[in-house]
Amino acid sequence: MAKYNIIEKKEKAAAYRSLVSPKMMDEMQEKIMNIIVMQKKYRDKDYSAKKLAEDLGTNTRYISAVVNVRFHMNYTSFVNKYRIDEAMSILVDKRYQELRMEEVSDMVGFANRQSFYASFYRVMGMTPREYRLQHLEQHPTMKATSVKRGRKPKNAK
């Protein structure tokens, strides 16, 4: 009986996905990509699925359905993917080698260093620092000594 209830709940939870027509999915997918990627809203740590839904004149269930069906992930994972892509570029860019991980995290839209590290590790299988160091080993013209370690002291600005 419990098994049946779990299956029934999953079917009910996913049923709203079929309410969005393929044409509407196409339109919403394009609009979501425009706002999140082209306008770089992924950098805004306060830009939620709710705000996206408001901007598109829809509700979060439709946003969730489109992101889930078209991108095969949830909204948070979708946004974090673009944050991590940009972080990877920053981490290996000579112009940004002096930045601490907290600064990189903030630039790409993560609320804090911990969520940045957790998301980065989930996607890349290594920490942002390991990624930077690995890139430095592969490109020795970039000075490894310029990479700062550790956290910024609380009283420093």
Side-chain angles (χ1 to χ4, degrees), residues 2-97 99-139 142 147 151:
K3 197 176 202 180
Y4 174 74
N5 287 339
I6 291 170
I7 292 168
E8 187 178 296
K9 283 181 184 177
K10 281 185 181 178
E11 287 174 2
K12 282 183 182 177
Y16 67 89
R17 291 182 195 157
S18 63
L19 297 175
V20 184
S21 72
K23 184 181 179 196
M24 185 182 231
M25 281 257 185
D26 290 342
E27 291 171 7
M28 286 183 66
Q29 178 181 357
E30 191 174 318
K31 289 176 181 177
I32 290 168
M33 289 296 291
N34 178 46
I35 291 172
I36 299 298
V37 181
M38 302 307 289
Q39 295 178 31
K40 298 185 188 261
K41 287 290 190 179
Y42 63 85
R43 288 181 179 169
D44 181 349
K45 46 181 91 29
D46 298 319
Y47 198 76
S48 63
K50 186 176 187 218
K51 286 185 182 177
L52 176 60
E54 288 169 8
D55 289 349
L56 294 178
T58 188
N59 63 52
T60 56
R61 290 192 123 200
Y62 286 136
I63 297 296
S64 178
V66 173
V67 171
N68 199 288
V69 170
R70 293 300 170 96
F71 303 109
H72 310 288
M73 59 185 87
N74 64 31
Y75 176 81
T76 302
S77 296
F78 175 71
V79 170
N80 285 347
K81 175 193 179 306
Y82 291 100
R83 290 173 174 165
I84 290 166
D85 286 349
E86 185 170 354
M88 287 167 48
S89 295
I90 291 169
L91 290 169
V92 299
D93 190 319
K94 285 182 183 181
R95 297 171 295 178
Y96 301 113
Q97 288 303 299
L99 290 181
R100 294 181 336 277
M101 290 303 152
E102 290 85 351
E103 294 167 315
V104 174
S105 170
D106 191 55
M107 282 175 72
V108 299
F110 281 97
N112 57 57
R113 182 179 173 273
Q114 289 76 18
S115 61
F116 173 50
Y117 264 73
S119 294
F120 196 98
Y121 192 86
R122 197 174 312 119
V123 171
M124 297 303 298
M126 66 178 79
T127 67
R129 185 176 180 281
E130 289 169 340
Y131 179 82
R132 180 184 265 173
L133 292 173
Q134 184 180 74
H135 187 273
L136 289 171
E137 287 172 10
Q138 293 169 356
H139 300 88
M142 295 173 72
V147 177
R151 297 182 188 193

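Fair warning: this is a prediction, and the values are worked out from it, not measured in the lab.
- Under the side-chain hydrogen bond (donor to acceptor under 3.5 Å, both in side chains) criterion, Asn74 pairs with Ser77, not counting sequence neighbours.
- In this structure, the salt bridge (Lys or Arg N to Asp or Glu O under 4.0 Å) partners of Asp85, at least two apart in sequence or on a different chain, are Lys81.
- With sequence neighbours excluded, the residues that form a side-chain contact (heavy atoms from CB on, under 4.5 Å) with Tyr117 are Met101, Arg113, Thr127, Pro128, Arg129.
- Take Ser89 and apply the side-chain hydrogen bond (donor to acceptor under 3.5 Å, both in side chains) test, not counting sequence neighbours, and it matches no residue.
- Partners of Lys41 according to the salt bridge (Lys or Arg N to Asp or Glu O under 4.0 Å) rule, which considers only residues two or more places apart in sequence or in another chain, do not exist here.
- With sequence neighbours excluded, the residues satisfying ring-ring contact (aromatic ring centres under 6.0 Å, His included) with Tyr131 are Phe120.
- Under the side-chain contact (heavy atoms from CB on, under 4.5 Å) criterion, Gln134 pairs with Met126, Gln138, sequence neighbours left out.
- Lys40 is linked by a salt bridge (Lys or Arg N to Asp or Glu O under 4.0 Å) to nothing, counting only residues two or more places apart in sequence or in another chain.
- For the salt bridge (charged side-chain N to carboxylate O under 4.0 Å, His left out) condition, no pair includes a residue of residues 116-125, sequence neighbours left out.
- Partners of Thr58 under the side-chain hydrogen bond (donor to acceptor under 3.5 Å, both in side chains) rule, at least two apart in sequence or in another chain, do not exist in this structure.
- Panel note: side chain Gln97, backbone Leu91; a donor-acceptor pair is recorded below 3.5 Å.
- In this structure, the side-chain hydrogen bond (donor to acceptor under 3.5 Å, both in side chains) partners of Asp55, at least two apart in sequence or on a different chain, are Tyr47.
- Within the 3.5 Å criterion, the main-chain N or O of Arg83 finds no donor-acceptor partner in the side chain of Asn80.
- Here salt bridge (charged side-chain N to carboxylate O under 4.0 Å, His left out) pairs that include residues 23-39, with residues two or more places apart or in two chains, are Asp26-Arg70.
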